[in-house]
Amino acid sequence: TLCKQSERNLKKKEKDSSTNMRLKLPITCFILEIILIILFGVLVEYDEDTDAKKFNKHFNTSMEHSDAENDFYYRYPSFQDVHVMIFIGFGFLMTFLQRYGFSSVGFNFLIAAFSLQWATLMQGFFHGMHGGKIHIGVESMINADFCTGSVLISFGAVLGKTSPVQLMIMAMFEVTLFSVNEFILLSILGTRDAGGSMTIHTFGAYFGLMVTRILYRPNLHKSKHRNGSVYHSDLFAMIGTIYLWMFWPSFNSAVTEHGDAQHRTAMNTYYSLAACTLSSYAMSSLTAHDGKLDMVHIQNAALAGGVAVGTAGEMMLTPFGSMIVGFLAGIISVLGFKYLSPILEEKLKIQDTCGVHNLHGMPGILGAIVGAVTASLATKEVYGNGLGRVFPDVADGREASYQGGIQAVSLAVTLGIALIGGLIVGFILKLPVFGAPHDTTCYEDSLYWEVSMMILMLMMVFNLKTSHHFTFYLLF
Amino acid sequence: TLCKQSERNLKKKEKDSSTNMRLKLPITCFILEIILIILFGVLVEYDEDTDAKKFNKHFNTSMEHSDAENDFYYRYPSFQDVHVMIFIGFGFLMTFLQRYGFSSVGFNFLIAAFSLQWATLMQGFFHGMHGGKIHIGVESMINADFCTGSVLISFGAVLGKTSPVQLMIMAMFEVTLFSVNEFILLSILGTRDAGGSMTIHTFGAYFGLMVTRILYRPNLHKSKHRNGSVYHSDLFAMIGTIYLWMFWPSFNSAVTEHGDAQHRTAMNTYYSLAACTLSSYAMSSLTAHDGKLDMVHIQNAALAGGVAVGTAGEMMLTPFGSMIVGFLAGIISVLGFKYLSPILEEKLKIQDTCGVHNLHGMPGILGAIVGAVTASLATKEVYGNGLGRVFPDVADGREASYQGGIQAVSLAVTLGIALIGGLIVGFILKLPVFGAPHDTTCYEDSLYWEVSMMILMLMMVFNLKTSHHFTFYLLF
Amino acid sequence: TLCKQSERNLKKKEKDSSTNMRLKLPITCFILEIILIILFGVLVEYDEDTDAKKFNKHFNTSMEHSDAENDFYYRYPSFQDVHVMIFIGFGFLMTFLQRYGFSSVGFNFLIAAFSLQWATLMQGFFHGMHGGKIHIGVESMINADFCTGSVLISFGAVLGKTSPVQLMIMAMFEVTLFSVNEFILLSILGTRDAGGSMTIHTFGAYFGLMVTRILYRPNLHKSKHRNGSVYHSDLFAMIGTIYLWMFWPSFNSAVTEHGDAQHRTAMNTYYSLAACTLSSYAMSSLTAHDGKLDMVHIQNAALAGGVAVGTAGEMMLTPFGSMIVGFLAGIISVLGFKYLSPILEEKLKIQDTCGVHNLHGMPGILGAIVGAVTASLATKEVYGNGLGRVFPDVADGREASYQGGIQAVSLAVTLGIALIGGLIVGFILKLPVFGAPHDTTCYEDSLYWEVSMMILMLMMVFNLKTSHHFTFYLLF
């Protein structure tokens, strides 16, 4: 029957292609993990707040009530919120694809679990060394998750078109370059970027866009019928969206100074996101010919407000300022999805599956600019004694306008490293040994996962429009 | 073909009706957001714990270790739990409708993002003014989310029968009236209602019930085949239920006094909900002719225990008392779904989509009564020095029985404002300019959202029972 | 028509069987809840941190700033994470079955709500009595959730093959035996097991495996076509997996000592899980003939790293040690699913629906062994003043090697109580009064839940492979 024939064709394609992961994936995972374990054994130590001996130095003396001073209680709730954003937020946001839900959540899970370990080492190497050892605790865990977030943004750009081995290789290089860029910004230039408008979002987006540009597939239209959502896949994606939206205040405030800074950052982000949501809905309805809302906009643009206050959120931006920024971010993001993405694909050959340019790229740049302007306006009058806690360099004598200039330069540095890094890594990923899927088998779970044939057939039904030669009764 | 014809009919209906949101929704969102931004610019300031200058007044002096005293660390974890209830809990609870999942989550998202901004202003105006400015921080954020919760309860009553513009208008008025009622209760009468049995649940439920009464649709049966669940939509709804259930202890304890009060409230709620779950399952099975559990009861009644200890949870109710209250709430709620809701619909013409009367209305009243009784029994002997932290007025000389009377009066005030407010707002929403859906297109996502036709056809298959003239092979 | 006939058959079967829950379930729930309420009334009191009088003893004196010392702020965020694992994590992990989603989430909800109340009493009776009263607060709530987790592990072993009444009876006995075992280990032997590798995972797994052994069904193959997943049911299950994975650091650290211990435990667990994820993916791909990943492995084995550091997580295991343990746990778990489970089913007649032996059984034993070894290596040199906070008995003079021996003995005690307890409870559950489902109606929601017939028919379509005599057009 036709059904069996189609099954056979699919099977054959899989064999023809070099996409079989039987050896490639296990070898990649085992080698990387063993290297990680060895490096952790050699280099990593508990920090002052996680080591039993160091933390309890004064236990049973007059200082014994210091448990509450452990950084755990300041940061762990924020860490868990960030953790949810990384694994549920990013993972489910990408399940909108009709036949790629397993891969979206599953590869997100895999590369995140790898990246957070590798990031611990890379970030520790650049700014966590103490006497030849990397000291780790809850703050380094948050930073590792942050770096992982950047990798997952890039994953969004290449979603459906890369094998898990390609993704692991990409993650390895991206984490490294992320750490270099972060080191230049935070440690050398003295840039402020607590929520990562530049270090995380701009970097992740433009790195991923360049990778997907290099991996350009002229015949991607052969998988086009799977590059879209079905009803329930959009609902799964909304789980991701809502979690990202809710916990973004924790994301932006997770590694700011204790006290007012964490508090203020969370609040600024909260109002920015709320304003962004209204402008996203408005623009989505306005730009549709019949006023209908587009799930793609709601799932993505409503989050741009969190990206756009990533840098300035810890500053005295005020809720008023935050709302203006969020409001603009939502508008820019929807316009990007509607008008810019098609141009990028046609003219610049950038196939951006999740539209990360609209959610992380442009709002990230906006956030960097807002941060530069806000920093250049910082005064002792507004910040009082808190100035040194938000802008240590300014409190130490640096001009606020100079700090603003540094922030702007940091954006340029980030873009440069992201684009050049993406270029190189893109070419590495093109090597024909990593098992990239064929143009006809993109956005397809069954290439990498055990999926019962029956469900595949039902999914074909969903796609009948694009494959008229199938008739329903033949399928069953 | 029949398929194309049906598609054309649906399209035509959409055009005939004035339900096109192309201009209405963007204009509403833009105007409201711009007003919000202006008012925030004029009126809102950081409070003592979010302002860099004010909080760090004594930084670098002997008092520098005050970071841990920032209210952020007392309340932010609870805030995030409440936030999850508002956006995931309420949003997904309402996805049980088979074709209204996008709208349930999506409109929940939109009106919540609006309401929390508007509530910040309204609540600040009534009880957060300092020298002509509204001071905000994490506690005001929780209160804004609480007020939003009330709006979402009303949303549950009118679910599927209102356009997003109607919902925005309703939210605007309801937030305002909520704040008036809250001001009368908490500031004028000195009522205690930390978890909002009255201010949130009773108010939201009866306001919404009155609105849906005024918006009564005699021909709603034309959309009846969509007013029900399918298998996976019920599973999505369970995500909402479980999150509401888990985080209700955080909800009730989020704005109580620090220390024992937060701790006790969370624990009382935990045990009330556990007892409520058992009585809900028991009643659901008992009232079905074949002993089968009804997902509607489990999704809703099991939560009534949280509502019913909203007022008394912070008091010395004891776990024993909490369990009795939860136990009764579950029974009342299932009975309401089974026997009262049909009567309300037939006799009183109240079409309550989510059954908010059973989850928020009756349990809210029960909670108010339990609170009045518990307050009237408060003694210095039981509360010790904590009396002033739970009942400041009683510690200042008010009789406990008088406090109990005040609590009872507060219920009456709440019911009055909710019903009269709902009446007026219901008539406003009847104005034919807000694009309400037709009687034939209620509970239908495709009116407001881009939904692929293919999935709609599959959904029709699910509904074949009610539309026998369709035959399956014609659909494909 | 055939359709109606099949419907009639199903209906008949339901009547023939004694599976009707109309009276059995309500009576069970009502009696148990009323007993619980009475016992709470007689036995339970607020502890020092939840009682208004006791906590505020010194309020308005110089000690008034003690609010932050309330245990609530040290443990409540962890409690909520654990709570999410119990109700969302376990509940959704089990929704992988195609027709058993309502029961998976719903019965999980019911037996957890019961177990946490019963566990409060049982655990309080064994180690929370103060002057004849059980004192409760956030730590007892976490412990009650932990005990509940153990019951839910056993639920995983018998999933789909037991009625809700059987589950309630099982929960009642298991909570009791859990508390006995926990008392012997923690209070008598002085065993350390903060994350419950032994008390929770090993106990729950082997208890459940023995129960399912006693309930062995030789004709279970008659329901085999429903014992598997469909596409979206696997995505729902991933929600459970990811939440368990993310919050496991909170689980293991929830009841350790304040300060460095909580901090270190969370971090060790974080790295163990990350390493475990990579080895799970590697093994899943390696053991499949075509290199495809198996959702069952990803959903389960990736969590084994959390189980395996349940005992040693609070010790100075180091991230390096944690990663080795997690790495091994992932490998063992996948191998168990692939090669051991089929043997257990065929040779030992253990029908383990969720494969709890692979996720909780073997990794639990591994965790116990790792804990024993780590404990036996504890020195004052490594732990400093923190020694007494991790190993009070060792600080009081017990040899570290002796402590290691005690840990090993504890594993044997746990296995013994679990297996003997499971044996007895299994035979009790065999009594023909609890309404167990027929061999032909296992893994089937419609036995216990109102499910629309239409969806059932569509589900049959998914199963056409196994029931060829149905043809599609007859179904509609």
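Residue numbers begin at 1 in each chain, while the letters A, B, ... track the order of the sequences.
Options C:P249, C:S284, C:S78 differ in how many heavy-atom pairs under 4.5 Å they form with chain A, and the most are formed by C:P249. Of the listed residues (C:C276, C:A261, C:A288), the one with the most heavy-atom contacts under 4.5 Å to chain A is C:A288. Put simply, of C:T318, C:D294, C:L387, the one with the most heavy-atom pairs under 4.5 Å next to chain A is C:T318. When each of A:F109, A:F30, A:F114 is checked for heavy-atom pairs under 4.5 Å with chain C, A:F109 comes out on top. Between chain A and the options C:H258, C:M246, C:M238, heavy-atom pairs under 4.5 Å are most frequent for C:M246. In terms of non-hydrogen atom pairs under 4.5 Å with chain A, the most contact-rich of C:Q299, C:E381, C:M283 is C:E381. The candidate from A:T95, A:I239, A:T28, A:D51 with the greatest count of non-hydrogen atom pairs under 4.5 Å with chain C is A:D51. By number of non-hydrogen pairs under 4.5 angstrom with chain C, the leading residue of A:P26, A:G41, A:A112 is A:P26. Heavy-atom pairs under 4.5 Å with chain C were tallied for A:D445, A:L36, A:I27, A:V44; the largest tally goes to A:D445.
Under the 3.5 Å distance criterion, with hydrogens and angles disregarded, a donor-acceptor pair is assigned to the side chains of C:S250 and A:Y76.
Neither the backbone nor the side chain of C:V296 comes within contact range of chain A, judged by heavy atoms closer than 4.5 Å. C:P77 touches chain A through its side chain: at least one heavy atom from C-beta onward sits under 4.5 Å away, while N, CA, C and O do not. Of the two parts of A:F102, the backbone and the side chain both hold a non-hydrogen atom closer than 4.5 Å to a non-hydrogen atom of chain C. Contact annotation for A:N108: neither backbone nor side-chain heavy atoms come within less than 4.5 Å of a heavy atom of chain C. Looking at A:V138, the atoms closer than 4.5 Å to chain C (heavy atoms on both sides) sit in the backbone and in the side chain alike. At a 4.5 Å heavy-atom cutoff, C:S280 makes no contact with chain A through either its backbone or its side chain. Residue contact with chain C, scored on non-hydrogen atoms closer than 4.5 Å, involves the side chain of A:Y73 exclusively.
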Exercise. Quick one: do A:K54 and C:N385 satisfy side-chain contact (heavy atoms from CB on, under 4.5 Å)? Show the steps, please.
Key: CA-CA 9 Å; A:K54 293 183 211 159; C:N385 287 325; over 6 Å; no
Practice problem: Let me see the working for C:R264 and A:D47 under salt bridge (Lys or Arg N to Asp or Glu O under 4.0 Å), right down to the final yes or no. | Solution: CA-CA 9 Å; C:R264 180 173 56 251; A:D47 71 7; over 6 Å; no
Exercise. Apply ring-ring contact (aromatic ring centres under 6.0 Å, His included) to the pair C:Y243 and A:F87, showing each step before the final yes or no.
Key: CA-CA 9 Å; C:Y243 270 103; A:F87 288 88; over 10 Å; no
Self-check item: Audit row: C:I298, A:L110, side-chain contact (heavy atoms from CB on, under 4.5 Å) steps and yes/no
Solution: CA-CA 10 Å; C:I298 306 309; A:L110 173 64; over 6 Å; no
Practice problem: Check step by step if side-chain contact (heavy atoms from CB on, under 4.5 Å) holds for A:D67 and C:R389. | Solution: CA-CA 12 Å; A:D67 279 352; C:R389 306 185 78 187; 2.6 Å; yes
Exercise. Kindly indicate, with the supporting measurements, whether the criterion ring-ring contact (aromatic ring centres under 6.0 Å, His included) is fulfilled by C:Y270 and A:H83.
Key: CA-CA 10 Å; C:Y270 173 80; A:H83 217 39; 5.4 Å; yes
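Residues passing the ring-ring contact (aromatic ring centres under 6.0 Å, His included) test with C:F391, sequence neighbours excluded: C:Y383. Annotation: side-chain hydrogen bond (donor to acceptor under 3.5 Å, both in side chains) contacts of C:T277 (sequence neighbours excluded): C:W245. Judged as a side-chain hydrogen bond (donor to acceptor under 3.5 Å, both in side chains), and not counting sequence neighbours, A:Y448 has no contacts.
Taking all atoms of both residues into account, the shortest heavy-atom contact from A:K53 to C:V382 is CB-O, 3.4 Å. Between A:E33 and C:A275, the shortest heavy-atom distance links the atoms OE2-CB, 3.2 Å. In this structure, C:M315 and A:Y46 approach most closely via the heavy-atom pair O-OH, 4.0 Å.
No more than 12 heavy atoms of other residues, nucleotides or ligands lie within 6.0 Å of NZ in C:K224, so this atom counts as exposed by the packing criterion.
Of the candidates A:N70, A:N56, A:T50, C:D260 forms a side-chain hydrogen bond (donor to acceptor under 3.5 Å, both in side chains) with just one, namely A:N56.
Judged by distance alone, the side chain of A:R22 and the main-chain N or O of C:L286 form a donor-acceptor pair under 3.5 Å. Of the possible polar contacts, one joining the C:Y231 side chain to the A:G101 backbone as a donor-acceptor pair under 3.5 Å is found.
Annotation: A:F236 is in aromatic contact with C:H232 [ring centroid separation under 6.0 Å]. In summary, the aromatic rings of C:Y271 and A:F40 are positioned with their centroids under 6.0 Å apart.
The line from CG of A:L25 to CG of C:L278 is 8.5 Å long, rounded to the nearest 0.5 Å. Remark: A:N20 CG to C:S285 OG distance equals 7.5 Å, nearest 0.5 Å.
In this structure, C:M295 and A:E450 have side chains that are not in contact, with every pair of non-hydrogen atoms separated by 4.5 Å or more. Contact check for C:D81 versus A:Q80: side-chain heavy atoms found under the 4.5 Å cut-off. Two residues are said to be in side-chain contact when any heavy atoms from C-beta on lie closer than 4.5 Å; C:M267 and A:I136 meet this criterion.
Within residues 320-329 of chain C, the residues approaching chain A closer than 4.5 Å by heavy atoms are, in numerical order, C:F320, C:M323, C:I324, C:F327.
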